[in-house]
Amino acid sequence: MIQLPLSKLSNVGTTIFSQMTQLANENEAINLSQGFPDFLPDSELLNHVDHFIKKGFNQYAPMPGMIALKEQIAAKIEHSHQAVYHPDSEITVTAGGTQAIFTTIASFIKKDDEVIIFEPAYDCYEPTVELFGGIVKRFEMKAPDYEIDWNAVKNLVTDKTRMIIINNPNNPAGKVLKENDILELIKIVKETPILILSDEVYENIVFDGKEHLSVCKYPELKERSIMVASFGKLFHVTGWKIGYCAAPENLTHEFRKVHQFNVFSVNTPIQLALAEYMKNPDHYHYLNQFFQEKRDFLRQGLSNTSFELLDCEGTYFQALRYDKISDKNDLDFARELTISHKVASVPFSSFYKNKRDEKVIRLCFAKKQETLERAIENLAKL
Ligand SMILES: Cc1ncc(COP(=O)(O)O)c(C=O)c1O
C-alpha cells in the first residue's frame, strides 16, 4: 500500500472549540464554549441582505471589496480612531477575521522568519505561521492579571523577527492594552522592519468606559500594521464570515497579491447590506453597553459561588478560576462541567502551546438572558 503524504499540519487535531461544542451537543449542555451569540441579528440588517439578493446583486464582487462598504469602513475607523485609510487602496474586505489573519501571514512570513505571539493566544496564529515555515516565539501572560512584561518581549526580538501579533482586546483573557503597553510596543519596533498584525475583532466590546487603543491611533504603529476586524463580532453574525483588514497602501498592495488567490472576493449582497447598515453608527455604538450588561449579569450571578471571577475588560468572554472547587486539570474540569453540570466552557490550557494549566476556564456571555440564567443556576450548584 502506497503511503500518501500527510498534510503540513498533520500533527494538529480539531480545535478545542469544535471539541467542546460537540461534547455540549452530546450532553445537551448549555454551550458557553464557542464564541457566538445565541440571539438573532438586527432584522434591519437581514432585510438589507434580502433586498440586495432579490435586486440581483449575486455575482462576484471586486477583488478588494465593494467600494460602498470600504467607504463605510474607512468612515468608521476615522470616526472611532481619528485615523485615515484610503477606502480604495488601504482597506480590503475579507472572509472573516480568520482569512485576514491567514492571508497576512501567508503574504509576509517566509521560511525561518520569527513571529512573536502572546499566550493565551487565539488558535489560528501559530499553525498559520508554521504552515509558511515561520517560527513562533511566545510570551506567556499569566493568571490572574495577564500583564505583559515588555522587557521579556524585547528579549524575544532577534534580527529574524518579522512580525508581532497582538490581540486587543484579548480572547480569551478579556484584557485590554493600556497606553503604556502601546508605548512599550512602539519602543520595541521603532527602527526595525517588524510588522504588526493587530487582531482587533473585539474592538467594539470594551467595558467600564475604557478606550480601545487601536494600533492605527499611533502613527509609528499604523505605518507597519495590518489591522484586522470582523463583522461577525460587530453585528452578531459570526456565520457570515466577513471582516476586513486596514493597512497602509504598500502593505495592502502585497496583501492583495495573496488575497486574490486565496478567496478572490467576498459575498456581494452581504457587503452591500453591511454598507447600508453601517450608515447608522448607532448600530455598533451600543455594543459596549450591551455586552457590559451581559458581563455584569453573569458576574453578579456567580459572585456567591467558589469560582474566582478574573477581570474582564473587553471581549465577550469571562475567565473563571476554579482552584477552590477542584484540583482536576482544566481540560478534565471543563469536560466534567459539561457532562455533569451541563455547562460547556473552554479550558485556558488550550490557548498555550505548553498547555499551561492555571485552573482557569473561559465562558462566552454573548448569550440570551435566559441562557445565562440557566448556566448560572447550574454553576451555582458547584
Ligand atoms: C481573537 C479572534 N480573532 C479572530 C477571530 C476570527 O474572526 P472571524 O470569525 O471573523 O473569522 C476570532 C473569532 O472568534 C477571535 O476570537
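Every heavy atom of this structure was used, including side-chain atoms; hydrogens, water molecules and symmetry mates were not. Every number for a ligand or one of its atoms is a count from 1 in the order of the listing.
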Tyr316 ring center within less than 6.0 Å of Phe365 ring center: no
NZ or CZ of Lys294 within 45° of Phe290 ring axis and under 6.0 Å: yes
Test item, Lys233 contacting ligand 1 (heavy atom, 4.0 angstrom): yes
contact_flag Tyr202 ligand 1 heavy-atom lt 4.0 Å: yes
NZ or CZ of Lys76 within 45° of Tyr284 ring axis and under 6.0 Å: yes
Whether Phe317 and Tyr202 hold their rings parallel, tilted or perpendicular, with breakpoints at 30° and 60°: perpendicular
Side-chain donor/acceptor of Arg335 to backbone N/O of Asp330, under 3.5 Å: no
Residue part near ligand 1, for Thr98, under 4.0 Å between non-hydrogen atoms: both
Selected option - heavy-atom contact closest to atom 5 (C) of ligand 1, from Tyr122, Tyr316, Tyr244: Tyr122
Phe291 and Phe207 aromatic centres sub-6.0 Å: no
Phe317 N/O under 3.5 Å from ligand 1 N/O: no
Test of proximity, Gln99 against ligand 1: N or O pairs below 3.5 Å: no
Residue-ligand contact Thr238/ligand 1, heavy atom below 4.0 Å: no
Residue portion contacting ligand 1 (non-hydrogen atoms closer than 4.0 Å) for Lys241: side chain
